[in-house]
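As the structure is a prediction and not an experimental result, all values here were calculated from the model.
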Amino acid sequence: AQKDVIPLIIIGTDCAVLAPGHLQEAARSLQTHDACLIPAEDGGYVLLGLRKVIPQVFENIQWSTPRVFLQTQERLAQAGASLAVLPTLWDIDEPSDWYRLQGIKT
């Protein structure tokens with residue numbers, strides 16, 4: 001059995017709309033789920049929370065593709081982990097995302 005495991009929340013640094021309330025919601029979800037994800041509109045995710053060690057969550061992921069979120073969900077399911085999926089956000093990967101953040105119509 002794992003002793004002294006502390007829940008972990010990993011966030012991307014490119015999600016300007018991620019707010020303290022999202023972190024609080026993720027922390028609350030880890031009280032009842034093994035993992036939580038906040039999907040990104042582009043198919044990735046902006047936050048991953050884990051209540052226990054699940055090393056396979058990062059295995060065989062096609063990083064920087066629209067399949068990252070789905071593949072991560074699959075790895076968690078294969079590990080038998082319960083998952084909370086929180087509302088989708090968007091991150092800044094392309095110039096159009098930066099314009100969106102600035103409120104500029106393109």
Side-chain angles (χ1 to χ4, degrees):
Q2 298 173 1
K3 289 186 171 189
D4 301 320
V5 175
I6 299 172
L8 170 72
I9 295 176
I10 301 168
I11 61 171
T13 59
D14 61 349
C15 182
V17 295
L18 187 66
H22 296 110
L23 299 175
Q24 292 165 342
E25 187 177 4
R28 276 192 301 275
S29 73
L30 291 176
Q31 294 175 359
T32 55
H33 295 83
D34 298 320
C36 68
L37 283 167
I38 296 180
E41 288 179 357
D42 63 6
Y45 57 84
V46 301
L47 179 149
L48 167 67
L50 297 173
R51 184 170 66 178
K52 62 182 187 176
V53 177
I54 307 172
Q56 60 268 45
V57 73
F58 300 112
E59 294 177 359
N60 300 313
I61 302 292
Q62 295 171 328
W63 298 107
S64 300
T65 71
R67 298 203 25 82
V68 172
F69 174 75
L70 291 175
Q71 290 175 336
T72 303
Q73 272 189 305
E74 290 169 1
R75 299 304 167 274
L76 290 166
Q78 291 165 355
S82 60
L83 173 63
V85 178
L86 306 178
T88 300
L89 297 175
W90 56 278
D91 53 14
I92 301 172
D93 295 322
E94 304 291 333
S96 60
D97 301 324
W98 174 251
Y99 297 138
R100 180 181 182 181
L101 177 65
Q102 301 302 314
I104 299 170
K105 303 279 188 222
T106 57

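- The closest donor-acceptor contact from the side chain of Arg75 to the backbone of Asn60 lies under 3.5 Å.
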In residues 61-73, what donor-acceptor pairs under 3.5 Å come from side-chain atoms, sequence neighbours left out?
{"residue": "Gln62", "atom": "OE1", "partner": "Gln71", "partner atom": "NE2", "Å": "3.0"}
{"residue": "Thr65", "atom": "OG1", "partner": "Gln62", "partner atom": "O", "Å": "2.5"}
{"residue": "Thr65", "atom": "OG1", "partner": "Arg67", "partner atom": "N", "Å": "3.2"}
{"residue": "Gln71", "atom": "OE1", "partner": "Gln62", "partner atom": "N", "Å": "2.7"}
{"residue": "Thr72", "atom": "OG1", "partner": "Val68", "partner atom": "O", "Å": "2.7"}

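- In this structure, Leu23 and Leu47 have side chains that are in contact, with non-hydrogen atoms separated by less than 4.5 Å.
- Using a distance-only test at 3.5 Å, with no hydrogens or angles considered, no donor-acceptor pair links the side chain of His22 to the main chain of Leu18.
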List, one per line, each side-chain donor-acceptor pair under 3.5 Å for residues 78-93, sequence neighbours excluded.
{"residue": "Ser82", "atom": "OG", "partner": "Asp34", "partner atom": "N", "Å": "2.9"}
{"residue": "Ser82", "atom": "OG", "partner": "Asp34", "partner atom": "OD2", "Å": "3.4"}

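- Under a cut-off of 6.0 angstrom, the local environment of CD in Glu59 is crowded, with over 12 non-hydrogen atoms contributed by other residues, nucleotides or ligands.
- Of all heavy-atom pairs between Ala27 and Ile9, the closest is N-CD1, 3.9 Å.
- When all heavy atoms are compared, the tightest approach of Val46 to Ala40 is CG1-CB, 3.8 Å.
- Ile54 CD1 to Leu8 CG: the interatomic distance, rounded to the nearest 0.5 Å, is 10.5 Å.
- The shortest non-hydrogen separation linking Pro39 to Leu37 is CD-O, 3.7 Å.
- Residues Pro55 and Val53 are in side-chain contact: their nearest non-hydrogen atoms beyond the backbone lie under 4.5 Å apart.
- In this structure, CG in Leu48 is found 5.0 Å from CZ in Phe58, a value given to the nearest 0.5 Å.
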